[in-house]
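These notes are about the structure you will find just below.
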Protein chains: 2
Amino acid sequence: MSATMADVAREAGVSASTVSRTFSLPETVRADTRERVLAVARRLDFSPNRTASSLARGRTGALGLLVPDIANPYFGEIVKSVQRRARTADRALFLTETGDAHDEAYGLAKAMARQTDGLLLAGPRMPEDMLRSLAAAGPVALIGLHVPQTDCAYAELPVGMRQAVRHLAALGHRRIVYVNGTRTARTAGFRRLMRAACDEFRVELVEHLGPFDLTYDNGRAAADLVPTSGATAVIAHNDMVAHGVAGGLARQGRSVPGDFSLITVDDTYLARAIHPALTAVHVPIDAMGAHGVDLLLARIADPQGPPRLVALPTALTVRESTGRAPAP
Amino acid sequence: MSATMADVAREAGVSASTVSRTFSLPETVRADTRERVLAVARRLDFSPNRTASSLARGRTGALGLLVPDIANPYFGEIVKSVQRRARTADRALFLTETGDAHDEAYGLAKAMARQTDGLLLAGPRMPEDMLRSLAAAGPVALIGLHVPQTDCAYAELPVGMRQAVRHLAALGHRRIVYVNGTRTARTAGFRRLMRAACDEFRVELVEHLGPFDLTYDNGRAAADLVPTSGATAVIAHNDMVAHGVAGGLARQGRSVPGDFSLITVDDTYLARAIHPALTAVHVPIDAMGAHGVDLLLARIADPQGPPRLVALPTALTVRESTGRAPAP
DNA sequence: GTGAAAGCGCTAACAA
DNA sequence: TTGTTAGCGCTTTCAC
C-alpha cells in the first residue's frame, strides 16, 4: 500500500537505517542527506508505520484512559483534559468506559495495559488491592483519588469543604443535609470531612446515605427528603446530584436560595448551567487530568522512582444558590 | 518481560504456529493439544502481543473516533455508545478531540488513520471535500451527518422538526425564534427545514443567526434577544444552547412556558435535567453511535461495497417547557 | 555519518 | 492436524 522505509531508502540512495534515523534521531544524520531523505519521503507520501515501530521499540506510544462513565460531565471534562495533554506529549489515547463492576473494570484495565505504555484510571470504583495489583503490573496513575504508594493527582477537598460549611454557618444555617453517594472511593473520607467541618462551625449534620448512585434522578429523589429533615441547606456530593436536587426542589415549588441553600462539589459547567447558578466547591478537573498524564509519563520514564502525589487546591465559589437561612 | 509464543510452544512441546492458531483459530487445532497449550499459557500468564499481531496481520484491530468537543453532552453520549459497541465487537477505541479548526481536524484524522483500521467522525466540522478525501484514503463512517456517497448514520430531522412546529402552532404560537448555530454541517439543511415547516403551519419564523457557537453562554446571550423579537416560542439548535436560553430567560424573570415556550433539539440528559424539563426533538444518539460502528466495520470488511446511509427516526417528546401562547 | 545484519513477536502460506 | 519458513516494517547494535 503505502511506502516503506525501504522504498524511501532505495529512492534516496541510502540505507534503511538512515531513513529510520532521519525520523527518530534527525540530529544524528548529516543535514544534506537528511534533506534528501525527507524530500523523497514527502514525494512518496511516506510516514513511518507506528505498529512496526512499536514492535521494534517495545513500546506503543499510546496511553490508556479508563473512566466509569463517559457521559458524566465530571469524567467528560477529565477525558477532555487528559486527551489534550496526551496530544501535546504526542501520545495517542485509548479510551475505555468501565462501568461500576469491579472485576470487569479490572479485566478491561488488564487488557488495555497490553496495548499501551501506561494506564490512567479516573475515579476508579475499584478496591485498593486491585489498584495496587494493576500498578504493580505496569505504569499506572490515578486521577481524582488518593491511594497511598501510588501516583495520583487529586483534589484536596478539606479546604473547600470547610469553606462551604463555614459559608453556610455564616449565613445562619444551623442544620444541613449532606447528599452522599455510595460506592465511590472518596465517600468515606468525605463523610469524615463533613463531620469535622460541621463540628467546627457548630452546624448539625444530617446525612442522606440512601443507595444513591450519583445520578440526576437520585438527586431528585433526595430532594423529596430535604423538607422533612429540618435542614435549611444542602451539600451535594457532585454536580449531577446537585442538579437533581435543584430540579426536585423546583418541582416542589421550593425556592433556592429562598427556602433552601444548595452547594455542589466538583463545579463542572453544569454548576453554572442552571438557574440559579450553583455555589460550588471548585475542583480543578483540568489540572487533575493534566497532572495525571504527567505523572504517568514520569512513571513510564522511570518505573522505579518513588510514588508521587499531586494535591490540587479546592476552593468555594459563591454563586446564587446560597443565601441567608429563612427565619424559623 | 512477558512470555512469548515461542516460550509457550517450547513448554507445550508444539510449534509456535500451533500456539498462534490456538489463539486465533482455535477450531483448527485438535482439542487436546489446544488444552495443553492453553494450560501452559495460563501457567506462564501469556497473552498474545497485539502489536506483533497487528504488524503481521496488517491491521491494528482498533478504531479511531474523532469528536469536536468531548465535554459537550451530545458528543459525550456518542462517545459512550460508540465505545460500547466497539467493545462488543472486540475493538479498541482511539479517541481524539478535534476542536473546530478544519485543517487541524484533518491532520488529526490523517494521523489517526495510520494507527487504526478505520475512522469514525462524529459531527465533523469539515468541508465535504475534506471528508471525501479522508474517506478515499481509508475506511470512514460519519455519525450525525449526511454526506452523499459516504457511509453515515444520521438522524432524520424533518419529521421531528415538523412535529415541533406543528406542536407550537397548535398551542397558538404565531411567531417563533430559531436559535441556530454557525459552522456546523447541519446548519444549512436545518434552516431550510425550519422554513418549510413554518410555512406549512403558517408560523412566522425569526432567525437568530448571530455568530453562535453552540454553547451555553451563547444560548444565554440569545435569550436577551428573544423578548424584543415579538416571538412567543423558541426552538434551539441543541441542548447546550437551549439550556442557555432557559437560563437567560429565567434570569430575566420570564417564565417558561408561561411567557415563552422552548423546544430543544437532540434531547441529551440535559433536556430532562433542568426545570422545567424541556420539550425536545429527540435524536437517537445511542443508535447513531452503534450504527456508525457497524457501518465502519462493514466498510473495513468490504472496502469496495456501495456506500450505505442509515437514517434514524426523530420524534417530538413533549415535556414541560411548551404551553399555550400568552394572550397578546 | 552511514550501512549491514539481526531481531521485535506474531501470522500465513505451504509442506508434510 | 501440525511444523517449517519467510516475512510484516522498523530499530539498533556494531562495524566501517
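Because the structure is predicted, anything quoted here is derived from the model rather than measured. Chain identifiers are assigned alphabetically (A, B, ...) following the order of the sequence lines, protein sequences preceding nucleic acid strands; residue numbering begins at 1 within each chain.
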Side-chain polar contacts of residues 61-69 of chain B - donor-acceptor pairs under 3.5 angstrom, sequence neighbours left out - could you list them?
| residue | atom | partner | partner atom | Å |
| --- | --- | --- | --- | --- |
| B:Asp69 | OD1 | A:Lys80 | NZ | 2.6 |
| B:Asp69 | OD1 | B:Ala71 | N | 3.1 |

A:Glu35 atom CD is separated from C:dG1 atom C1', nearest whole Å, by 16 Å
Looking only at heavy atoms, the pair that brings B:Ala290 and B:Arg85 closest together is CB-CD, 3.5 Å
_Does C:dT2 have its OP1 or OP2 closer than 4.0 Å to a side-chain nitrogen or oxygen of A:Thr18?_
no
A:Met5 atom CE is separated from D:dC10 atom C1', nearest whole Å, by 6 Å
Walking DNA chain D from its 5' end, the first of A:Arg50 and B:Arg34 to be reached, judged by nearest nucleotide, is B:Arg34
Donor-acceptor pair, side chain of B:Asn72 and main chain of B:Tyr74, under 3.5 angstrom: yes
note: A:Arg59, atom CZ; C:dG9, atom P; distance rounded to Å ~ 15 Å
Of the candidates D:dC10, C:dC10, C:dT2, the side chain of B:Phe46 sits closest to C:dC10
Checklist entry - Does C:dG3 have OP1 or OP2 sitting under 4.0 Å from an N or O in the side chain of A:Ser15? => result yes
Is the ring pair B:Phe23/B:Phe46 parallel, tilted or perpendicular, if the boundaries are 30 and 60 degrees? perpendicular
- Query: Does a sphere of radius 6.0 Å around CZ in B:Arg308 hold more than 12 heavy atoms from other residues, nucleotides or ligands, not counting ones at 6.0 Å or beyond?
  - Reply: no
Taken to the nearest whole Å, CG/B:Leu55 to P/C:dG7 is 17 Å
Strictly distance-based, threshold 3.5 Å: is any side-chain N or O of B:Arg125 a donor or acceptor partner for the main-chain N or O of B:Thr98? no
Here the distance between atom C1' of D:dC10 and atom CG of A:Asp7, to the nearest Å, is 13 Å
Assign B:Val19 to base, sugar-phosphate, or nothing according to its heavy-atom contacts below 4.0 angstrom with the strands shown.
nothing
Rounded to whole Å, the CZ-P distance (B:Arg114 to D:dG9) equals 10 Å
Polar-atom pairs under 3.5 Å, protein N or O versus N or O of nucleotides 12-15 of chain D: list them with distances, or write none.
| residue | atom | partner | partner atom | Å |
| --- | --- | --- | --- | --- |
| D:dT12 | O4 | A:Ser17 | OG | 3.3 |

Looking only at D:dG9, D:dT2, C:dC10, the nucleotide nearest the B:Thr33 side chain is D:dT2
Whole-Å distance, B:Asn49 CG to C:dC8 C1', equals 8 Å
_Determine whether B:Arg10 and B:Asp7 satisfy the following criterion, salt bridge (charged side-chain N to carboxylate O under 4.0 Å, His left out), listing intermediate values before the conclusion._
CA-CA 5 Å; B:Arg10 197 177 330 103; B:Asp7 299 331; 3.1 Å; yes
Rounded to whole Å, CZ of B:Phe23 lies from P of C:dT11 at a distance of 10 Å
